[in-house]
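Presented below is the structure to which this report refers.
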Amino acid sequence: MQQVEQALSVLWTTQNAAERAQANDWLTAFQESAAAWEACASLLSAGSTDDTRLFGCTVLCNKLRRGCELPPAEQGALRRHLAAQLAAVAPGRLRAQLCRAVASLVIDSGQGEHPTMAMLASAEFGALRADALLEVLALVPECGAFLSDGEVLAIQELLLEVLDHACSEAAPWPAKLPPAAAPTQRSAAYRGIATHCLGKWAALPNSEGVSLAMLAEAACWPALVAAVSGADGAAAQRAAAELCTAALEREPTVPADDALAAAAAAMTMPFVPQALQLSLLTGLCDALQPLANSAAVPPPNGADADGDDDDDDEADGEAAEAQVALLSLAAGLLSRGSSVLAAGSRSPPAALQLLRVLVLCSGHRRRRVCEALIASEVWTGERSLLRVAAGWAGEADLSAQLRDTLGATLRARAALPSDSTLARWGAADVEEWTTFRDSYLSEPLAELARADAVASVRHALEQLSLRAAMVDTTGDGQADTIVPK
């Protein structure tokens, strides 16, 4: 351990290039060695600085990511050691790496029990606070452990109990978790990490897992709807949207059987009361309205739809990630429960407003927004909302208006950028834009053409007429045409 700290000190503080290179080479070789397991574990508990402790934990995470060659008994001992350190570490980079390392050491004892449940029942986990415990659990699905269907279902049920406890004073702390880990306050942070954790497990394939109907019947439902609306901030909003989307994928759907919905080939979710679906639709409308407003505003200063603002700083923030998650949920909720739109103009206002939001966002300047929305197949496939609109009884004009508006939005987004924009782009930018257009925009445009071939031909003729009417300055003051003189 002392040699590691000395090498790190040279690497981080010495100005001599040769000495720094030598230290770097030694540390690189050290990380690949078998001795690194014990030395890095010692660094975690006895390192002289936070930076050296973080280095030790990072090396362990990297080695675990490549596959742990330690015998099962040594893996268990390492996990107990890391969990003991985790109990005393404050939130931050070191704790995040420690949680990842512990999650990577979920091992099967071979005694027929669920490894993750056995870990939760272990003595070392009894000393963890709820936030650290949930942070570890949220990482287990992505750390490569084999998880059986039974284990996934058991953890989902347990985490739904945790989320209920986080959201309702009447809900008890789960009996299968250490009593000492129970938070004393039901804070927004507690609700957020509980929602995030359940969302990670709900996204795992399991035919009997948490569904939207199960969430709607749980004590956490009002708080989830509020979180979707943005009551607890962007991070919680994203977590709530991702959880609801994962639960929605597991919700059964059937063709609607009332006359209007059947005529529109609409789908319904028989176990989700429409009132609860509408409460979530209303929350989504409120949350997505700012995004829809920004989509409706023309590009500034004559910029292209795919110009400089396409990948702006906002796209890197938590709020932007939340917006993408909300769009995916909105698209899935309307397409899987499209019976709420079966009445056309007489449909619930929240459903119609959300439909308008989806149309506007299909042509948003931020490419990620378009990709997320169109990838949901809200305009294509068996659950296409265009097919529902085609069946609006006695409202063919409204259906045509939807197709025309969506078509104009998609065509504007697919238009080739201006010469000034193209002049700033390199070959890679052009290829990226072309791939985006062909992969995401071509299929919904083809769906529109199949739904209304006459409108597509009319649009093509309008484009030819516009080109024919263009004035070319030839020096004689005459308007030129596309017909040769």
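Start at 1 with the first residue, then count along the sequence. What you are looking at is a predicted structure, and each value in this text was computed from that prediction instead of being measured.
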| Does the side chain of L327 reach to within under 4.5 Å of the side chain of Q323, using non-hydrogen atoms? | no

| message | To the nearest 0.5 Å, what is the distance between CG on L64 and CG on L60? | response | 6.5 Å

| said: Tell me whether K200 is salt-bridged to E242, with the criterion being a basic N under 4.0 Å from an acidic carboxylate O. | reply: no

| query | Is a side-chain N or O of S279 found less than 3.5 angstrom from the main chain of L276, in a donor-acceptor match? | reply | yes

| task | For the residue pair L281 and Q353, establish whether any side-chain heavy-atom pair is separated by less than 4.5 Å. | result | no

| Is the backbone N or O of A202 less than 3.5 Å from a side-chain atom of R250, with the two atoms forming a donor-acceptor pair by type? | yes

| message | For a 4.5 angstrom cut-off between non-hydrogen side-chain atoms, does T195 reach Y190? | response | no

| query | Are any of the side-chain nitrogens in R238 or E318 under 4.0 Å away from the carboxylate oxygens of its partner? | reply | yes

| Rounded distance [0.5 Å steps], CG in D429 versus OG1 in T421 | 11.0 Å

| query | Quick check: does any side chain N or O of S338 sit under 3.5 Å from a backbone N or O of M267, one acting as donor and the other as acceptor? | reply | yes

| Is there a side-chain contact between L410 and I374, using heavy atoms and a 4.5 Å cut-off? | yes

| message | For the backbone of A219 and the side chain of D164, can you confirm whether one donor and one acceptor N or O come within less than 3.5 Å of each other? | response | yes

| message | Between the side chains of R450 and E447, is the shortest nitrogen-to-carboxylate-oxygen separation below 4.0 Å, so that they form an ion pair? | response | yes

| message | Show the nearest heavy-atom pair for residues L358 and A331, with the distance to one decimal. | response | CD1-CA, 4.1 Å

| message | Has R186 got a side-chain atom pairing as donor or acceptor with S168's backbone, closer than 3.5 angstrom? | response | yes

| query | Okay, side chain of Q97, backbone of C57: is any donor-acceptor separation there less than 3.5 Å? | reply | no

| query | Are any side-chain N or O atoms of E151 and backbone N or O atoms of T116, one a donor and one an acceptor, separated by less than 3.5 Å? | reply | yes

| field | Interatomic spacing from CG in L163 to NE2 in H196 - rounded to 0.5 Å | value | 13.0 Å

| Should T282 and L354 count as side-chain neighbours, where that means a heavy-atom distance under 4.5 Å? | no

| request: Decide side-chain contact (heavy atoms from CB on, under 4.5 Å) for Q31 and F55; before the verdict, give the C-alpha distance in whole Å, the side-chain angles of both, and the deciding distance to 0.1 Å. | output: CA-CA 10 Å; Q31 293 178 61; F55 173 83; 4.2 Å; yes

| Minimum heavy-atom separation for T268 to P270, with atom names? | O-CD, 3.4 Å

| query | What's the spacing between R367 CZ and Y440 OH if we round to 0.5 Å? | reply | 10.5 Å

| field | Taking every non-hydrogen atom, the tightest pair across A246 and G199 | value | CB-O, 4.5 Å

| Just wondering, do V162 and C197 contact through their side chains at under 4.5 Å, heavy atoms? | no

| Carboxylate-amine/guanidinium contact E32 K63, below 4.0 Å | no

| message | Is it the case that the side chain of S439 and the backbone of F436 share a donor-acceptor pair, with hydrogens and angles ignored and the cut-off at 3.5 Å? | response | no

| query | Would a 4.5 Å heavy-atom cut-off, applied to side chains only, mark L159 and Q156 as touching? | reply | no

| query | Are more than 12 heavy atoms from other residues, nucleotides or ligands located less than 6.0 Å from atom CD of Q289? | reply | yes

| Parallel, tilted or perpendicular: which fits the ring planes of W433 and W425, with parallel below 30° and perpendicular above 60°? | tilted

| query | Hey, mind stepping through L291 and C361 against side-chain contact (heavy atoms from CB on, under 4.5 Å) and telling me if it holds? | reply | CA-CA 7 Å; L291 186 66; C361 289; 3.9 Å; yes

| said: Just checking E443: does its CD atom have more than 12 heavy atoms from other residues, nucleotides or ligands closer to it than 6.0 angstrom? | reply: no

| task | Step through the shown structure and confirm whether more than 12 heavy atoms of other residues, nucleotides or ligands are within 6.0 Å of CZ on R356. | result | no

| So do W201 and V140 actually touch side chain to side chain, heavy atoms under 4.5 Å? | yes

| said: Less than 3.5 Å apart, any donor N or O on the side chain of D397 or Q401 sitting next to an acceptor on the other? | reply: no

| query | Quick one: CG on L212 to SG on C244, what's the gap to the nearest 0.5 Å? | reply | 6.0 Å

| Sidechain-backbone polar pair: S384 side chain, W379 backbone, donor-acceptor under 3.5 Å | yes

| Should L386 and T380 be marked as a side-chain contact (heavy atoms from CB on, under 4.5 Å) after you check the CA-CA gap, both sets of side-chain angles, and the distance that decides it? | CA-CA 8 Å; L386 293 174; T380 56; over 6 Å; no

| query | Short question: side chain of R20, backbone of L11 - any donor-acceptor pair under 3.5 Å? | reply | yes

| Would you call D131 and R95 a salt bridge, using N to O less than 4.0 angstrom? | yes

| said: For the CE atom of M214 and the CD atom of E208, what is their distance to the nearest 0.5 Å? | reply: 10.0 Å

| query | Which heavy-atom pair separates A351 from L334 by the least distance, and what is that distance? | reply | O-CD1, 4.2 Å

| Using 4.0 Å as the upper bound for N to carboxylate O, is an ion pair formed by E142 and R100? | yes

| task | Mind listing the closest non-hydrogen atom pair of S347 and L352 along with its distance? | result | O-CD1, 3.6 Å

| query | Minimum heavy-atom separation for L445 to G407, with atom names? | reply | CD2-O, 4.3 Å

| message | Quick one, C167 with W221, criterion side-chain contact (heavy atoms from CB on, under 4.5 Å). Give me CA distance, side-chain angles, the key distance, then yes/no. | response | CA-CA 8 Å; C167 298; W221 180 252; over 6 Å; no

| message | We want to know whether E395 and S345 form a side-chain donor-acceptor pair, criterion being a heavy-atom distance below 3.5 angstrom. | response | yes

| request: Establish, from distance only, whether the side-chain atoms of R413 and T409 form a donor-acceptor pair under 3.5 Å. | output: no

